[in-house]
Amino acid sequence: MNIEDKNYIRNHIKIYNSLTGKKELFQPINKKYVGIYVCGPTVYHDIHLGNCRTFISFDLVFRYFKHLGYKVRYVRNITDVGHLENERDDGEDKISKKSRIEGLEPMEIVQKYTISFHKILNIFNTLPPSIEPTATGHIIEQIDIIQELIKKKLAYEKNGSVYFDIKKYNKKFSSYGKLSHNKIDKLFNQKLKNNSSVVVEKRCFQDFSLWKRANDNHIMNWNSPWGKGFPGWHIECTTMSTKYLGEIFDIHGGGIDLKFPHHECELAQAIGIYENKNLAHYWMHTNMLTFNGKKMSKSTGNFLGLKDIIIYNKSFHPTIIRFFILQSHYRSLLNFSYQGLINAEKGYYRLMNAIEKLKHFSTKEKTKTNHYYSSTFNIIQWIKDCYNAINDDFNIPLLISFLFKASHIVNNSSSVINNMGCSDINLWNKYMNHFIFDILGLQTLSLEKNSSYETSKKFKVLIERLIKFRIEERKRRNWILSDRIRKELSHVGISLHDDKLC
RNA sequence: GGCACUGUGGCCGAGUGGAAAGGCAGAGGUCUGCAAAACCUUUUAUAGCGGUUCGAUUCCGCUCUGUGCCUCCA
């Protein structure tokens, strides 16, 4: 296996497919292309860390396929249609509600939180998707698809709303529930069983809406063959994913909380329209980020935003939060904790120190060019191990353990490194950078650990002069003064680490 | 009630039918004017009960525990 030849690595990627419950060999539909669709946010509030986890996880998938040389089309939607807070007819939609609270037009709310969404993800160093379609930008396409479903008798209109007919669909395709393994007759809904006009309207309570009639108070509405209304939640994803990726594409992703009913309904709609057996070959679901042991969720109030991550007046750089998130596998539950962040921060600096050291090794002149094989460290094997870890359903925690192993060798075994050829060290350096920066998407922090302090220019100059002064005093062996300055600086959060005096 | 998943040292978190990664903390050390940092070494773990097997943490069954979904949600 030639490490520089990515074909071998490309042919050995395994992905856990939620649809089958198994890890499967990844085989793209078109050899050189990968199509990914990920469900994006409803833009009516600042996204919280739980949302970020999912987008960071898929950012890694996107980065990895790109790194391997695939042409990736990553589509992630923006839900900017105000869906109802619950299925009751008199319910208010989330965007309207927010616009009432903030005194803005619904589309102002959408604009504000779309910008915020991009800003937050940018802070986390996630790459923008290839296409980011909005639900409001695809009303016509959604209406077309709904009409198609009506034509196929898989949907029916009632009082200006259109519902997906699950019983008819199941009779024809018998596949509702294939993703979530739910059986329709076993589903229940306590709230809807109480007198609700929606239940009366629907033929079956599991039927879901494709188009909803707009009440007078519903500001966001569009003309349709069934009167003024707005599209249902699931139809936008079926419409936009297939518009940009084709009737069947490679990977469909999202948070595990969307698996049912959202993804199940997306799938049903797609099968109903295109009459294929599937919508995406691989369904990936990221697990939840919990806080106090419970899922982070806007509606319950149990969530943390980026601004909330401050402890003892200390904030964490977003790249530390990213590293914290990546240290657990995307399918595992991860509980947010400050101790976890502190641990991640220390580990992060350990890796960064190693990368700095390695950089110096690689710039040194070396004469040897042969690959160095030792019983303790084999660079080629190490690179393979790293790729194998990612290839095994994106096992990033395992990859990180290999990175720590490498950093351990950088720190510990200068004899090993001295025996290595120049090409090996360059290779090592190159792949450390690939893994840490290109794939994990971590960033170097330009300032020291105290970077979070808002420091004015004058203050910075003052500190620099004080430190310079202290160095002079240390050279004069004026320990009392230099220790005092160190202590005073530590009170304002600036810690000094002395080297040996020359 | 149904479906899906989970349980690993003090904490966080991987993997595996054949001597259990890694990080943090703890302990010891190197370095240092001192301190810190950095680095090195190192102690401690597979929820319980059965079964399959030469051998189970891994596979199967049961019990207990926790989580998500069956309104809106990443």
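Below, chains carry the letters A, B, ... as their sequence lines are ordered, and counting in each starts from 1.
- Side-chain nitrogen and oxygen atoms of A/K259 include none within less than 4.0 Å of the OP1 or OP2 phosphate oxygen of B/A4.
- Atom NZ of A/K178 has more than 12 neighbouring heavy atoms from other residues, nucleotides or ligands inside a 6.0 Å radius.
- Ring geometry, A/Y169 versus A/Y176: the interplanar angle exceeds 60°, so the pair is classed perpendicular (tilted spans 30 to 60°).
- For A/F404 and B/G23, the ring-to-base geometry does not satisfy the stacking test (centroid distance below 5.5 Å, interplanar angle below 30°).
- Place A/Q339 and A/N395 on RNA chain B by their nearest nucleotides, and A/N395 ends up nearer the 5' end.
- Using a 4.0 Å heavy-atom distance criterion, A/D483 is classed as a base contact.
- Partner assigned to B/C3 is B/G68, using Watson-Crick or G-U wobble distances below 3.5 angstrom.
- With a cut-off of 3.5 Å on both pairing distances, the Watson-Crick or G-U wobble partner of B/C24 is B/G10.
- A close approach under 4.0 Å does occur between a side-chain nitrogen or oxygen of A/K346 and OP1 or OP2 of B/A25.
- For B/C40, the OP1/OP2 oxygens have a side-chain nitrogen or oxygen of A/H408 closer than 4.0 Å.
- With respect to A/H48, the ring pair (Phe, Tyr, Trp, His ring centres under 6.0 Å) criterion is satisfied by exactly one of A/F55, A/F117, A/F291, A/F303: A/F303.
- A salt bridge is defined here as a Lys NZ or Arg NE, NH1 or NH2 lying under 4.0 Å from an Asp or Glu carboxylate O, and A/K405 with A/D385 fails to meet this definition.
- Here the two rings, on A/H285 and A/H263, have centers that are under 6.0 Å apart.
- Within 4.0 Å of A/I47, counting heavy atoms only, lies no atom of the nucleic acid at all.
- Base pairing annotation: B/U30 forms a Watson-Crick or G-U wobble pair with B/A38, both donor-acceptor distances under 3.5 Å.
- Atom name P, nucleotides B/C60 and B/C5: the rounded distance is 11 Å, in whole Å.
- Regarding contacts with the backbone of B/U6, every side-chain N or O of A/S332 stays at 4.0 angstrom or more from both OP1 and OP2.
- A/S57 comes within contact range of no nucleotide atom at all, as no heavy-atom separation falls under 4.0 Å.
- Comparing the C1' positions of B/A19 and B/A36 gives a spacing of 39 Å, expressed to the nearest Å.
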